[in-house]
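Order of the sequence lines sets the chain letters (A, B, ...), proteins ahead of strands, with each chain counted from 1.
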2 protein chains.
Amino acid sequence: MALSHAIMTALLEEDLSGYDLAKKFDMSLGFFWQASHQQIYQELKKMLERGWLSPDTVEQAGKPNKILYALTSEGKAALDDWVVSETKSRSAKEDLYVKLYNIGHCDPEPLIGEIADRQLQCQRQLELYLKIKDRHYGEPETLAINRKGIYLALSAGIRQQQMHIEWCDEALELLGAIA
Amino acid sequence: MALSHAIMTALLEEDLSGYDLAKKFDMSLGFFWQASHQQIYQELKKMLERGWLSPDTVEQAGKPNKILYALTSEGKAALDDWVVSETKSRSAKEDLYVKLYNIGHCDPEPLIGEIADRQLQCQRQLELYLKIKDRHYGEPETLAINRKGIYLALSAGIRQQQMHIEWCDEALELLGAIA
DNA sequence: ATATAATATGCATAAAGTTGCATAGTCAAA
DNA sequence: TTTGACTATGCAACTTTATGCATATTATAT
C-alpha cells in the first residue's frame, strides 16, 4: 500500500499516464522510489477500483492513445491519511553487506569490482543531485513549505551518495585494491 | 533468493535452529537484513528441499526440542556462487522521503515527530555499533580477510546512522521544530 | 523496404514478504 | 494456581514486488 501513494504523490502536480509515471519513477521521484511499468499499470488498475483515480483517454497525433489519470478527492484523502500515519520502516536489505560476511572463503575480486562500480555510480548520481540542488534549491530557508519537503528528500539523497562514496573508499583501501 | 543466502551466511559460523536464526536476524546480521520467524521457517523448508541444509533434531532439558540446521556442501556451493555473482541493487524505498513531498498540504507535525523519533533511534543504534567496533574491530588493517568483510559492513552501518542523524538535524531545523 | 527506437498498455506467473493464527512445553513470579 | 515470559515450530491467506511475455502505433534511420 505504498506504491499507490508514491503514484498519487506524482499525480499531485499533474495528470500522468502509466507510461509517464514509469518515466518519472526512473527519474526524480525515482531517486527515492522505483517501480517497473508492469507494477505501475497493475497498481493503477487497483487504484481505479478503489476510486482514487479518474481516467481520461487522450488521442494523440503521431503516437498511440494514452490514458491520463487524475487524483479524485477520495484519492487525495487517502494520500493525506497516509502522510500523517505512522511510517513503518522497511527492513534494510543490502546484499552487498551480507556478501562481505563471506569474503573470507571466496574470491574477493568480484566483490571489490562491484564496490568500485558502485562508487562510480554514486559519483554520477551525486553530481546530478548537486546540479538539481544548485539550480532549484539554492536557499532552502526561503522555500515554501512543500518545496522544503522536496529539498529535504534531495538532501537525504545527496548525503547518502556522499556517505557511500566515502565508504567505498574505505572498503577499497582495506581490501587492498588501492594500496 | 536472498534470504536463503543470509541464512546460509549465518550458518557458516555455527549450526542454528529457526528460532536461533530469528534471534540473530533481530541482532548482528539483522543490522543489514531482517526477517520474521515465519519467513525464516518457510525459507528453511525450501532450503531443505533444495538440499542446501541438513537438519538435526536435538532434545533439550527444560525446553522444547529444536532442529539444528547445518550447511551441506551443496549449500556452501550455492552460497559461494551467490557471493561472486552480480549484486542486483534493490530499489531504494523510503516512505519518509515520499511523504516529505506531501508536506505542503498536510499537517507537518506528525512528520516532524517521526523525524525526531528516528533521530533518537539512530543515535541508540549508532552507540551500539560504535561499542561493537571498539571492542572487536579496533584496528581493521590487522584483521583477517573475513573479519575485514564484517568490519566493513559494520562501518557502513555506522556511517549510515551518522549520516541520518545529521540529516534529521537539518530537517528538524528547516521545518522549524528547533528554531 | 526494413530495422530500430520510442511511445503506449497490458496479462500471467513466480518469488518475496507480511499478518494472523495455532500449538506446546518450561519456568518464575504474583 | 494462574498469569506472563521465553523457547520452539509451523500453516494459511494475503499483499507486494519482480520477471517474462505480448501487442500495437508511429517516427527515424539504413
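Here CG of A:Leu175 is found 9.5 Å from CD of A:Glu109. Values are rounded to the nearest 0.5 Å. Between B:Thr57 atom OG1 and B:Ile67 atom CD1 the span is 5.0 Å, to the nearest 0.5 Å.
Nearest nucleotide to the A:Lys93 side chain, out of C:dG17, D:dA18, C:dA24: C:dG17. The side chain of A:Arg90 approaches D:dT17 more closely than any other nucleotide in the set D:dT9, D:dT17, C:dT9. Side-chain proximity of A:Trp33 to the nucleotides D:dC11, D:dG10, D:dT17 is greatest for D:dT17. Candidate nucleotides D:dT9, D:dT19, C:dA8 were compared by shortest atom distance to the side chain of B:His37, and D:dT9 ranks first. Listed candidates were D:dG20, C:dT9, D:dG10. Nearest to the side chain of B:Tyr69 is D:dG10. For A:Asp20, counting side-chain heavy atoms from C-beta on, the closest listed nucleotide (C:dA8, C:dT18, D:dT9) is C:dA8. Listed candidates were D:dT7, D:dT9, C:dT19. Nearest to the side chain of A:Lys88 is C:dT19.
Between B:Leu21 atom CG and D:dT7 atom P there is a gap of 15 Å when expressed in whole angstrom units. Between A:Lys45 atom NZ and C:dC11 atom C1' the separation is 8 Å, expressed in whole Å. For the pair A:Lys66 NZ and C:dA8 C1', the computed distance is 10 Å after rounding to whole Å. The separation between A:Tyr41 atom OH and D:dC21 atom C1' is 15 Å, rounded to whole Å. Atom P of nucleotide D:dT9 and atom OH of B:Tyr19 are separated by 9 Å, given to the nearest angstrom. The distance from atom CD of B:Gln42 to atom C1' of D:dC11 is 9 Å, rounded to the nearest whole Å. For the pair B:Phe25 CZ and C:dG17 C1', the interatomic distance rounds to 13 Å; values are reported in whole Å. The interatomic distance linking B:Asp26 (CG) with D:dT7 (P) rounds to 12 Å, in whole Å.
The residue A:Glu43 sits apart from the nucleic acid: no heavy atom pair falls under 4.0 Å.
Side-chain N/O atoms of B:Gln39 include one lying less than 4.0 angstrom from OP1 or OP2 on C:dT18. Listed pair B:Gln60 / D:dA8 meets the phosphate criterion, a side-chain N or O lying under 4.0 Å from OP1 or OP2. For A:Ser36, no side-chain nitrogen or oxygen approaches OP1 or OP2 of D:dT19 to under 4.0 Å. For C:dG17, neither phosphate oxygen OP1 nor OP2 lies less than 4.0 angstrom from any side-chain nitrogen or oxygen of A:Ser91.
For A:Gln34 and A:Pro64, each mapped to the nucleotide of DNA chain D holding its nearest heavy atom, the one lying further toward the 5' end belongs to A:Gln34. Mapped onto DNA chain C by nearest heavy atom, B:Gly62 and A:Leu44 fall at different nucleotides, with A:Leu44 at the one closer to the 5' end.
With 3.5 Å as the limit, one finds no donor-acceptor pair spanning the side chains of B:Gln60 and B:Asn65.
Ion pairing of B:Glu170 with A:Arg159 is present here, as a side-chain N (NZ or NE/NH1/NH2) and a carboxylate O approach within less than 4.0 Å.
The only member of A:Gln160, A:Gln161, A:Arg124 that meets side-chain contact (heavy atoms from CB on, under 4.5 Å) when paired with A:Tyr129 is A:Gln161.
No more than 12 heavy atoms of other residues, nucleotides or ligands lie within 6.0 Å of NZ in A:Lys133, so this atom counts as exposed by the packing criterion.
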